[in-house]
Structure formats: C-alpha cells, structure tokens
Amino acid sequence: QVQLVESGGGLVQAGGSLRLSCAASGRTFSSSAMGWFRQAPGKEREFVAAISRRGGNKIYADSVKGRFTISRDNAKNTGYLQVNSLKPEDTAVYYCALDPKPYRAVEPSMASDEYGYWGQGTQVTVSS
C-alpha cells in the first residue's frame, strides 16, 4: 500500500515562495516517476511538473517554467516542489502523484490518468 502526504502549502503574497513536500510510504517511491498537479476552484486538475525515477529527467508546464523546480530524495522517500515568484493564478490545491509503470520511470508523463497513486493535496493561496 502506497500513501502520499503533501505538506508545505499556505498563504503567501504574490512574488513569494514555498517548498511543497510529498512524503511517501512503501517501496514504490524510488522506482516510480513522480508528478505534481494542481486544481483551482472550478477548474480541471492540471499538470505542473514531473520527474523521473532517479531525477535525471524533469518536465514542466509552460506556465511554471523558470519559477518552479521539482526534485526528489529517494533515500528519504520524499519529493519536493519549490515554487518561486508565485502569482495569484497559482492558487490551487497541489497534489503529488506516483506512476509506478516501469516504462514511465525514465520518461514521466504529463497525463494525470497515468498516475496510480495520489496524495490528499495541500492548499496554496497567493494573495495579490
């Protein structure tokens, strides 16, 4: 059984920064690609960033490139999303997810339906 627990969200002013964490239980984390997604009120869940199993391949949504950084520490079973230069439009619940399919370990997906394990989310609110 895999459990993911996000933390680090909060209320921040525009231009501020946060570091989101995703703590995983079980043995699946280090063999899985990891992704971050977000969902704003009234909108569909959208891709933010993803990272390969060993961290060598990272992909980002165009809207966050240059501002957000995804990383992971497999020894700690923990993933991270550093979010900088926050904008009000970044306000959303942020979710981490794991995709344990072997062929996705190196080439992570941007599609939410590829991810089989999800956390409960952490709220990020950016005030203007």
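The chain is numbered in sequence order, starting from 1.
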Applying side chain to side chain contact (heavy atoms under 4.5 Å, CB included), run through Leu81 and Val48 and close with a yes or a no. CA-CA 10 Å; Leu81 186 68; Val48 175; 4.1 Å; yes

Can you check side chain to side chain contact (heavy atoms under 4.5 Å, CB included) on Gln120 and Val5, steps first, answer last? CA-CA 7 Å; Gln120 84 291 344; Val5 179; 4.2 Å; yes

Please walk me through it: do Ser109 and Glu107 pass side-chain hydrogen bond (donor to acceptor under 3.5 Å, both in side chains)? CA-CA 7 Å; Ser109 172; Glu107 296 286 342; over 6 Å; no

Val83 vs Val124, side chain to side chain contact (heavy atoms under 4.5 Å, CB included): CA-CA, chis, key distance, verdict: CA-CA 10 Å; Val83 296; Val124 172; 5.6 Å; no

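Looking at heavy atoms from C-beta onward, Phe29 lies out of side-chain contact with Val2 at the 4.5 angstrom threshold. Annotation: side chain of Leu98 is in contact with side chain of Leu4 (closest heavy-atom distance under 4.5 Å). In this structure the side chain of Tyr115 never reaches within 4.5 angstrom of the side chain of Ser32, judged on heavy atoms. By the 4.5 Å heavy-atom criterion applied to side chains, Phe47 and Ser112 are not counted as neighbours. Under the 4.5 Å side-chain criterion, counting only non-hydrogen atoms from C-beta, Ile59 is in contact with Met110.
The main-chain N or O of Val106 is found under 3.5 Å from a side-chain atom of Asn57 such that the two form a donor-acceptor pair. Counting only distance, with no hydrogens or angles, the side chain of Arg72 and the backbone of Ser52 share a donor-acceptor pair below 3.5 Å. Under a 3.5 Å cut-off, the side chain of Lys58 and the backbone N or O of Ile70 do form a donor-acceptor pair. Using modelled atom types, no side-chain atom of Thr122 and backbone atom of Ser7 make a donor-acceptor pair closer than 3.5 Å. Side-chain atoms of Glu6 come within 3.5 Å of backbone atoms of Cys96 as a donor-acceptor pair (strictly under, hydrogens ignored).
Taking the six-membered ring for Trp, Phe37 and Trp118 have ring centres closer than 6.0 Å.
A continuous path of Ile, Leu, Val, Met, Phe, Trp and Tyr side chains, each step under 4.5 Å between heavy atoms, connects Phe68 with Trp36, placing both in one hydrophobic cluster. By the criterion of side-chain heavy atoms lying less than 4.5 angstrom apart, applied directly or through intervening Ile, Leu, Val, Met, Phe, Trp or Tyr residues, Tyr80 is not grouped with Leu86; the two fall into different hydrophobic clusters.
Across Ala92 and Ala40, no two heavy atoms sit closer than the pair CB-N, 3.8 Å. Here the shortest heavy-atom pairing between Thr28 and Pro100 reads CG2-CB, 3.8 Å.
Note on residues 81-102: pairs passing side chain to side chain donor-acceptor pair (under 3.5 Å), not counting sequence neighbours, are Ser17-Asn84, Arg38-Asp90, Arg38-Tyr94, Arg67-Asp90, Gln82-Asn84, Asp99-Lys101, Lys101-Glu114.
For Glu46, the CD atom sits in a packed shell: over 12 heavy atoms of surrounding residues, nucleotides or ligands are nearer than 6.0 Å.
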